[in-house]
Amino acid sequence: MNRFDLNARLADVYSQFTSNARRPVVGITGNYGDQTCKLAEGYYKQVADAGGTPVILPPLTDSRALSAMLDRIDALLLSGGADINPLYCGEEPSPRLGGINAERDLPEMLLTRMAYNRQMPILGICRGIQTLAVALGGKVLQDIGLPPTPSQRKGSIKHSQDADRAVPTHTVNILSGTALHRLYSSVPPSLVSDDNVVAPIPVNSFHHQAVSEPGPHLRVSATAPDGIIEAVESTEHKPVIGVQWHPECMAPDDAQPLFRWLVDQARDYRAVQLTHDHILTLDTHCDTPMLFPQGIRFDRRDDRILVDLPKMTEGRLDATIMVAYLPQQWDKQPMTPRQYADHIFDEISEIVSKNADSIAIARTPDDLWRNKREGRKSIMLGIENGLAIEGSLDNLRHFARRGIVYMTLCHNGDNDICDAASRSANTHGGVSPFGADVIREMNRLGIMVDLSHGGEHSFYDALDISSQPIVCSHSSCRALCDHPRNLTDDQMRALASKGGVCQVTLYPGFLRKDGEATILDAMAHLDHAVEVMGIEHVGLGTDFDGDGGVPGLADASELTNYTRQLLQRRYSEEDIQRLWGGNFLRVMQQVQKPRISRI
């Protein structure tokens, strides 16, 4: 083909365009200087060669502009450049500090935090690894020659080479078991040393600053022979990597593992977003209302709570069931249990009325879908602990009129309805006679019976008494974590045989007995429940703000990671909808059939 034949070249481009699926879009932060936003060619060429579509992101701080940029990309690449302003680390400038780029610092810190809150894949290169660390709570050493690092190292090496940028001039040691190790998995296992380090790989080097403290969200994944941190990655099973060298300048074989990783992660991110466009997501148990007395601003991102409107938006969470939680040892005087539950529901109603364009109360599955179509989040109401009805079926009917969709029969400790799974004195030997009346009235009123917190005898009694399927709004699997709050396999099978659902919860102590629970433990419980009960009887009830939350699923903003894990496990979109509340809503719809005519 004649390289100057524009028509032929255009036809070739259109042929490729029509035959290929949409390529993931990778936003690259542009360097800024002399009133120009520019980018070295290596970044965009490596992204394109890896199968992505590169775009340059200018340094802006306007929140709407930043959000709009992130809406249009599938991954973020933080490029190299000048030093980080030490004030962002709480330090004064050292004489060895180089030139800073104030035009870039704040925009890139904000962009990084917003992308991280969306669970977007991020790759940081050179200055980019430093931006990543500082934005996520770590620190950068202003100059690697400053104390105390020289005395701590076996011998300094040159980190700012004179050789051509494509030439590797020193090595880095990648830690075994890291994401970076998996990318360079051509290293044979036999070369993994006793100190958990993979055989060194050669890199180029152009820096005098380096990450000194990765911070709480990142861990070290590679170091230079003199101990300088050369790579970091997420501690929370998220697609986040930073490297100190410049892979975009190196030969394709050395550079492409990182860029292919970024584009692959971008493709997964886009698949998650498309899935959320089509499905309705429901978290069936959230305790946030008990923190409202702290002066929470639900319409703003508030670090004191795990569920607010910004986090729901970032995590693509369409709806949550907010409960009025009542402790068994009543400590809310002078209010009675009923008054307290009403007070909680009044506060939720006030929050909704102040944010009517963004959120609405929902009572039925149809309400949830309508709110999603209209661009609003949904809150459903529930009660955690039948103590709220104060031994009166009239009070139960009162809460039915307020619109509760379920009531957890008890909490930790027996009440007048049933015996609990925890702190039980075996008061009734299961469900009490009054409790049986409560269950039958809940059936009549269209309120789901929730047996999370119920003891085993209470559980089986309730299954026998209820004419409708029952739910466990936030319980996990005892086979994987032996805790009385979790369900045995026999309980799960019995629950499924009656059409009910078990919503796997994120309370760490219900996921594993020893060590730190993570998103991988939550997924193991979900997979086990699906295997035992069938895909039609499982879902997610986070218990956020009731001590629920684990790394990778720590708050509502991270819930797209749940979808990402489901897609990686090859669950279909239909099954993902089931696991994202569809099964729970099936039970709700069945239970609510008599509701309108009988309240």
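These numbers come from a predicted model, not from an experiment. Computed over heavy atoms, backbone and side chain alike; hydrogens, waters and symmetry mates excluded.
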Subject >> Full working for side chain to side chain contact (heavy atoms under 4.5 Å, CB included) between L258 and L183 >> reply: CA-CA 7 Å; L258 278 166; L183 295 182; 3.9 Å; yes

Subject >> Intermediate values then yes/no, side-chain hydrogen bond (donor to acceptor under 3.5 Å, both in side chains), Q265 and R260 >> reply: CA-CA 8 Å; Q265 295 298 325; R260 278 197 302 269; over 6 Å; no

**OP:** Check the pair V203, H170 against side chain to side chain contact (heavy atoms under 4.5 Å, CB included), reporting the backbone distance first and the verdict last.
**Re:** CA-CA 6 Å; V203 300; H170 74 80; 3.7 Å; yes

**OP:** Take R300 and D302, measure what salt bridge (charged side-chain N to carboxylate O under 4.0 Å, His left out) needs, and give me the verdict at the end.
**Re:** CA-CA 6 Å; R300 297 182 182 179; D302 192 324; over 6 Å; no

**OP:** Tell me, with the steps shown, if S221 and I174 meet side chain to side chain contact (heavy atoms under 4.5 Å, CB included).
**Re:** CA-CA 6 Å; S221 55; I174 299 175; 5.6 Å; no

**OP:** Kindly indicate, with the supporting measurements, whether the criterion side chain to side chain contact (heavy atoms under 4.5 Å, CB included) is fulfilled by V25 and R72.
**Re:** CA-CA 8 Å; V25 178; R72 289 161 175 78; over 6 Å; no

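Here the side chains of L559 and F544 are in contact, with some heavy-atom distance below 4.5 Å. Looking only at side-chain heavy atoms (C-beta outward), L526 and L579 come within less than 4.5 Å of each other. Looking only at side-chain heavy atoms (C-beta outward), K311 and T313 stay at 4.5 Å or farther from each other. Residues M120 and D74 fail the side-chain proximity criterion, which asks for heavy atoms closer than 4.5 Å. Taking 4.5 Å as the limit, every side-chain heavy atom of V243 sits out of range of all side-chain heavy atoms of I129. Two residues are said to be in side-chain contact when any heavy atoms from C-beta on lie closer than 4.5 Å; V550 and L520 fail this criterion. Side-chain atoms of L506 and L540, non-hydrogen and from C-beta on, do get closer than 4.5 Å to each other. In this structure, the side chains of Y44 and E41 come closer than 4.5 Å at one or more pairs of heavy atoms.
Here the OG1-CD1 distance, from T131 to I84, works out to 3.5 Å after rounding to the nearest 0.5 Å. With values rounded to the nearest 0.5 angstrom, Q577 atom CD is found 6.0 Å from L280 atom CG. Atom CE in M69 sits 8.5 Å away from atom CE in M114 (nearest 0.5 Å). Once rounded to the nearest 0.5 Å, the distance linking CG of L141 with SG of C89 reads 9.5 Å. L77 contributes atom CG, which lies 11.5 Å from atom CD1 of I56 (distance to the nearest 0.5 angstrom). Taking CD from E230 and OG1 from T171, the interatomic distance works out to 9.0 Å, rounded to the nearest 0.5 Å.
Minimum interatomic distance between T505 and G541 (heavy atoms only, all atoms of both residues): OG1-O, 2.9 Å. When every heavy atom of A224 is checked against every heavy atom of I157, the shortest pair comes out as CB-CD1, 4.1 Å. Of all the heavy atoms in F510 and C481, the pair that sits closest is O-CB, 3.4 Å. The shortest non-hydrogen separation linking V263 to P24 is O-CG, 3.8 Å. Between L60 and P107, the shortest heavy-atom distance links the atoms O-CB, 3.3 Å. G81 and N31 make their closest contact through CA-ND2, 4.3 Å (heavy atoms, listed as atom of the first residue, atom of the second, distance).
Residues K372 and D277 are not paired through a salt bridge, judged by the lack of any N-O separation under 4.0 Å between the basic side chain and the carboxylate. Using a cut-off of 4.0 Å between Lys/Arg side-chain N and Asp/Glu carboxylate O, R297 and D299 are scored as salt-bridged. Checked for salt-bridge contact, D71 and R118 meet the test: a charged N lies under 4.0 Å from a carboxylate O. A salt bridge links K238 with E558: at least one charged nitrogen is closer than 4.0 Å to a carboxylate oxygen.
When each of R127, E108, R104, H246 is checked for a side chain to side chain donor-acceptor pair (under 3.5 Å) with S79, only R104 meets the rule. Residue T563 is tested with H276, R316, E573 for a side chain to side chain donor-acceptor pair (under 3.5 Å); the sole match is H276. Residue P54 forms a side-chain contact (heavy atoms from CB on, under 4.5 Å) with just one option from V26, I28, L39, and that option is I28.
Here the side chain of D521 pairs a donor or acceptor atom with the backbone of T518 at under 3.5 angstrom. Between the side chain of T320 and the backbone N or O of M322 there is no donor-acceptor pair closer than 3.5 Å. Side-chain N or O atoms of H525 include none that pairs as donor or acceptor with a backbone N or O of S476 at under 3.5 Å. The backbone N or O of A135 lies less than 3.5 Å from a partner atom in the side chain of R113, making a donor-acceptor pair. Counting only distance, with no hydrogens or angles, the side chain of D575 and the backbone of Y571 share no donor-acceptor pair below 3.5 Å. In this structure, Q244 contributes its side chain and I229 its backbone to no donor-acceptor pair below 3.5 Å. A donor-acceptor contact shorter than 3.5 Å links the side chain of Q161 to the backbone of V167. Judged by distance alone, the side chain of N204 and the main-chain N or O of W245 form no donor-acceptor pair under 3.5 Å. Side chain of D318 to main chain of K377: no donor-acceptor pair is present (N/O by atom type, distance under 3.5 Å, no hydrogens or angles). Judged purely by atom type and a 3.5 angstrom limit, H207 has no side-chain atom pairing as donor or acceptor with the backbone of C126.
In this structure, F298 places its CZ atom where more than 12 heavy-atom neighbours from other residues, nucleotides or ligands lie under 6.0 Å away. Shown here is R569, whose CZ atom has more than 12 heavy atoms of other residues, nucleotides or ligands within 6.0 Å. Shown here is R304, whose CZ atom has more than 12 heavy atoms of other residues, nucleotides or ligands within 6.0 Å.
Every residue two or more places apart in sequence or in another chain that forms a side chain to side chain donor-acceptor pair (under 3.5 Å) with T542 is listed here: D283. Remark: Y43 pairs with E248 by the side chain to side chain donor-acceptor pair (under 3.5 Å) rule, at least two apart or across chains.
If you check the side chains of T223 and N173, you find no donor sitting under 3.5 Å from an acceptor. Looking at Q256 and Q46, their side chains do bring a donor and an acceptor atom within 3.5 Å of each other.
Under the 6.0 Å cut-off for aromatic ring centres, H217 and Y116 qualify, their centroids lying closer than that. Aromatic ring centres of Y562 and W580: separated by under 6.0 Å.
Cation-pi geometry between R165 and F206 is met: under 6.0 angstrom from the ring centre, within 45 degrees of the axis.
Applying the salt bridge (charged side-chain N to carboxylate O under 4.0 Å, His left out) test to every pair with at least one member in residues 77-93, sequence neighbours left out, gives no pairs at all.
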